[in-house]
Amino acid sequence: QVQLVESGGGLVQAGGSLRLSCAASGRTLSSYAMGWFRQAPGKEREFVAAISWSGGITYYADSVKGRFTISRDNAKNTVYLQMSSLETEETAVYYCAGRRGSIITTNKYDYWGQGTQVTVSS
């Protein structure tokens, strides 16, 4: 079983930046496609960004293009989400997910972290 642990969440002012990290334990992520999702109170979980196992392909939700960047460091077994120009509407629990195989933008991933809270204040 792959363990994914998110970190880096917290309180940030609107317009600010935050970097989330997702570290895997027990198994390398070098052959895994990875994704970030978020879920706000009262809303369904939504796709944010994804990256292929090699890092050569990335997908982003339209709402975050140009502001968020997903990256990975397979040597460190870690995936990142750099978030900039954050808005209050983006307050949510952010989840890291992984799957064997190709990159996808749905929530059909094999492994999930417990999530990290991101709160954007006005």
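We're numbering straight along the sequence, starting at 1.
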Taking C-beta and beyond as the side chain, do [X] and [Y] meet within less than 4.5 Å on heavy atoms?
| X | Y | result |
| --- | --- | --- |
| Met34 | Leu4 | yes |
| Leu86 | Phe68 | yes |
| Tyr32 | Val2 | yes |
| Tyr80 | Arg19 | yes |

Would you give the length of the straight line joining atom [atom1] of [X] to atom [atom2] of [Y], rounded to the nearest 0.5 angstrom?
| X | Y | atom1 | atom2 | result |
| --- | --- | --- | --- | --- |
| Arg100 | Asp110 | CZ | CG | 6.5 Å |
| Gln117 | Tyr94 | CD | OH | 9.5 Å |
| Cys96 | Phe37 | SG | CZ | 10.0 Å |
| Met83 | Thr69 | CE | OG1 | 11.0 Å |
| Ser21 | Arg72 | OG | CZ | 13.5 Å |

Q. Any chance the rings of Phe47 and Tyr59 have centres within less than 6.0 Å?
A.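 Phe47 vs Tyr59: aromatic centres not under 6.0 Å.
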What closest approach, in Å, do [X] and [Y] show between heavy atoms, and which atom pair accounts for it?
| X | Y | value |
| --- | --- | --- |
| Cys22 | Trp36 | CB-CZ2, 3.7 Å |
| Ile103 | Ile57 | CD1-O, 3.8 Å |
| Ala40 | Ala92 | N-CB, 3.7 Å |

Q: Would you mind checking if Glu90 and Arg67 are paired as a salt bridge, meaning a charged N to carboxylate O distance below 4.0 Å?
A: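 Yes, charged N to carboxylate O under 4.0 Å.
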Tell me whether the count of non-hydrogen atoms from other residues, nucleotides or ligands lying under 6.0 Å of [atom1] in [X] goes above 12.
| X | atom1 | result |
| --- | --- | --- |
| Gln13 | CD | no |
| Gln39 | CD | yes |
| Leu11 | CG | yes |

